[in-house]
Amino acid sequence: MKVIDSTKLKEMFLGGYRNLQLHKAEVDALNVFPVPDGDTGTNMSLTLASAVKEIENLQGDCSQILIDFSRGALKGARGNSGVILSQIIKGLARALSDEKTITTKEFAVALHSARDVAYSAVTKPKEGTVLTVIRYMAENAQSVAAKNSSFLTFFPALIAKGEEILKQTPEMLPVLKKAGVVDAGGQGLLYVFEGFYKALAGIEIAQPEDGEDEHKAVLPQLDTVGNDEHDLDNIKYAYCTEYFIINLKKHVTDEDIEKLRDKLMAIGDCVIVIGDINLVKVHVHTNTPNRALYYALQLGELDKIKIENMLEQHRALVKAREANKKPIGMVSVCAGEGVAAMFKELTVDEVIEGGQTMNPSVEDILHAVEKVNADNVIILPNNKNIIMAAERVKELTKKRCVVLPTTEVPEGISAAIVFDPSLDVNTNVEEMTDAFRRIKCGEVTKAIRTTELDGFKIAEGDYIGLDSKKIVSKADSINGAVIDLVNKLKGDDGEVITVYYGHDVNEKEANELVEKLEDRFDDCEVVCYNGGQPHYYYMVSVE
């Protein structure tokens with residue numbers, strides 16, 4: 001196994017995905033905080049699922065496989081870990097794009113590109129993370145390759161180097177050492193490389209216990225085939241053609257109906273042929289609707305014929321969109337029906353469901369941006385683990401996107417409140433940034449593990465208050481944790497306390513908390529909203 005060709009490369013990538021998928025729960029569990037938001041393994045797995053989907057039916061050389069795999073990873077990148085993984089893949093693809101086959105020496109050189117691209121994606125790279133693991137592997141890859149020309153010995157030796165540095169990550173990041181874990185992203189990356197090796201060595205990779213292959217279960221919804229919502233901006237076939245075949249001829253069989261489907265596939269796409277020898281319904285996008293009708297006439301009579309010119313639909317759509325175009329639009333990410341409704345009331349154009357444990361992908365955010373009828377779009381990620389994915393959207397759209405680095409939902413709401421469509425983008429960005437920087441935010445949740453962190457001895461089941469994901473309070477009750485949190489956030493100059501209660505809290509309980517806050521902080525106005533958010537009993541802001 002001294003050379004990898006296109007077939008082996010596809011097998012290798014699929015093996016990396018399957019092995020990570022098998023271990024994703026283990027990687028999720030390496031969460032340093034005792035809160036229910038461990039999703040590193042899930043984010044990395046979904047990122048690779050998108051990449052695998054992009055190449056599974058591809059018949060091309062190594063170069064094309066690398067390009068498409070990299071594009072799929074970028075489109076599906078979720079969370080900081082997923083974005084960094086997509087950049088590692090991007091670096092590999094960039095370095096190997098001219099290769100028809102790959103040797104261990106060429107792969108080792110490509111790892112230097114992977115390291116560089118990954119580091120450049122992070123504004124302030126932090127050692128003790130997945131970046132450290134890919135850097136150390138890259139620095140040792142060429143010496144490993146010099147001793148191992150076979151991939152079957154190269155990958156185990158390279159993984160050993162990765163494991164060597166992964167064990168040191170707790171010494172680089174005190175937060176890892178306190179939690180007694182290694183870096184989750186680094187561990188996930190090693191499982192990907194272990195999958196590379198297993199695929200090339202012919203070692204079977206077990207399926208998850210539920211037997212579900214996630215890239216097949218999750219990603220087909222991205223397919224537009226058979227969807228009547230026409231992609232009018234990318235029209236290859238101009239005429240949407242639909243009809244029924246009735247009174248089928250006596251000689252017609254089910255096999256003839258299957259042959260009709262094959263003929264239509266040869267002249268168009270979005271083909272649907274359903275029914276039997278009694279009635280057949282047909283849908284196809286084609287540039288030759290006359291042939292689509294002719295083929296059907298060989299089987300029987302036609303009824304309810306409908307042929308739409310999608311090019312004309314597109315011209316009308318473009319005209320309407322241009323007439324209603326806004327100078328600036330907004331996209332926001334949040335979880336909870338109440339919070340989503342608030343963003344809509346604040347004229348946010350597109351609200352993406354996401355947040356802790358369910359980070360949207362780059363493609364999710366891109367789709368929302370493209371739906372906004374404006375050339376300038378302000379994105380409110382409202383979570384520090386979504387900011388990097390939002391930044392990557394700029395590479396995939398022609399629109400001007402500005403990502404406000406909001407890390408909490410209340411910050412996003414404060415920013416959206418001051419948005420003024422009569423002002424230009426730069427002025428809005430300045431004023432929205434000033435608005436969300438002025439508030440202090442926190443959340444209250446329940447600890448899911450016993451640990452010692454941020455000066456607190458936390459027992460599983462304790463209620464804890466977090467300020468930007470740093471623990472600042474703990475209590476035996478939810479209300480006690482909220483009051484302690486507000487006390488830390490308020491300081492000497494807080495005037496307005498806003499609380500958003502989650503779906504595990506009812507209105508009566510929220511009102512009781514408001515009364516306690518008003519009694520405890522009688523110099524402040526207390527406002528309460530039903531946020532409906534998961535994971536956090538309350539989100540709080542003080543300004």
Side-chain angles (χ1 to χ4, degrees), residues 39 43 46-47 49-50 53 71-80 82-83 86 218-224 227 229-234 317-318 320-322 324-409 411-413 415-416 419 421 425 428-429 432 436 532-534:
D39 53 6
N43 284 338
L46 287 171
T47 299
S50 176
K53 181 68 177 177
R71 181 175 64 240
L74 176 58
K75 287 163 61 179
R78 297 169 187 262
N80 293 347
V83 170
S86 75
V218 174
L219 294 177
Q221 62 185 308
L222 303 180
D223 259 330
T224 57
N227 189 340
E229 293 182 7
H230 309 143
D231 182 7
L232 297 176
D233 289 322
N234 298 284
L317 177 64
V318 169
R321 283 178 62 86
E322 287 299 319
N324 296 303
K325 180 173 285 188
K326 301 164 59 175
I328 311 170
M330 288 191 289
V331 168
S332 178
V333 182
C334 69
E337 292 183 4
V339 175
M342 292 181 69
F343 277 117
K344 282 293 187 181
E345 289 176 7
L346 294 170
T347 71
V348 171
D349 299 273
E350 295 292 329
V351 178
I352 307 168
E353 183 178 4
Q356 291 305 119
T357 76
M358 51 180 179
N359 301 153
S361 68
V362 174
E363 188 170 35
D364 292 334
I365 303 172
L366 174 64
H367 283 170
V369 167
E370 295 297 348
K371 286 172 68 176
V372 176
N373 192 16
D375 291 329
N376 303 283
V377 180
I378 297 173
I379 304 175
L380 303 169
N382 304 325
N383 186 295
K384 67 178 183 180
N385 206 33
I386 298 173
I387 293 173
M388 286 181 65
E391 289 286 356
R392 298 276 79 76
V393 170
K394 297 176 184 178
E395 303 174 22
L396 302 172
T397 181
K398 295 179 181 179
K399 296 184 179 185
R400 179 190 177 190
C401 291
V402 180
V403 179
L404 292 191
T406 52
T407 61
E408 313 282 349
V409 165
E411 290 182 348
I413 290 173
F419 173 75
V425 176
N428 264 301
V429 168
M432 293 170 75
F436 86 77
Q533 70 274 2

Atom pairs and distances, side-chain donor-acceptor, residues 342-350, under 3.5 Å, sequence neighbours left out:
from	atom 1	to	atom 2	distance (Å)
K344	NZ	D349	O	2.7
D349	OD1	K326	NZ	2.6
D349	OD2	K326	NZ	3.2
D349	OD2	M330	N	2.8

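Two residues are said to be in side-chain contact when any heavy atoms from C-beta on lie closer than 4.5 Å; N382 and S332 meet this criterion. In this structure, the side chains of I328 and F419 come closer than 4.5 Å at one or more pairs of heavy atoms. Two residues are said to be in side-chain contact when any heavy atoms from C-beta on lie closer than 4.5 Å; D364 and R78 meet this criterion. Two residues are said to be in side-chain contact when any heavy atoms from C-beta on lie closer than 4.5 Å; K399 and V393 fail this criterion. In this structure, the side chains of P360 and I386 come closer than 4.5 Å at one or more pairs of heavy atoms. For the pair L396 and V362, the minimum side-chain heavy-atom distance is below 4.5 Å.
Each of V331, L366, V369, I378 was checked for a side-chain contact (heavy atoms from CB on, under 4.5 Å) with C401, and the lone residue meeting it is V369. Put simply, the residue from V425, I379, N428 that forms a side-chain contact (heavy atoms from CB on, under 4.5 Å) with V402 is V425.
Residues L380 and G412 come closest through the heavy atom pair CD1-O, 3.7 Å. Closest non-hydrogen pair, A335 versus P534, comes out as CB-CD, 3.6 Å. Taking each heavy atom of V333 and P381 in turn, the nearest pair found is CB-O, 3.5 Å. When all heavy atoms are compared, the tightest approach of S86 to A73 is CB-O, 3.6 Å. Heavy-atom minimum distance, A77 versus G82: CB-O, 3.8 Å.
Rounding to the nearest 0.5 Å gives a distance of 11.0 Å between CD1 of I365 and CZ of R392. One finds the CD atom of E411 at 12.0 Å from the CE atom of M432 (value rounded to the nearest 0.5 Å). Put simply, CG on N359 and CD1 on I352 are 11.5 Å apart, with the number rounded to the nearest 0.5 Å. With rounding to the nearest 0.5 Å, the separation of CD in E363 from CG in L74 is 9.5 Å. The distance from the OG1 atom of T397 to the CZ atom of R400 is 13.0 Å, given to the nearest 0.5 Å.
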Exercise for review: Go through the steps for N373 and N324 under the test side-chain hydrogen bond (donor to acceptor under 3.5 Å, both in side chains), then give the verdict.
Suggested key: CA-CA 7 Å; N373 192 16; N324 296 303; over 6 Å; no
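Judged purely by atom type and a 3.5 angstrom limit, S50 uses its side chain to pair as donor or acceptor with the backbone of G72. With hydrogens and angles ignored, the 3.5 Å screen pairs a side-chain donor or acceptor of N376 with a backbone N or O of P327.
Within 6.0 Å of the CD atom in E395, the count of heavy atoms belonging to other residues, nucleotides or ligands exceeds 12.
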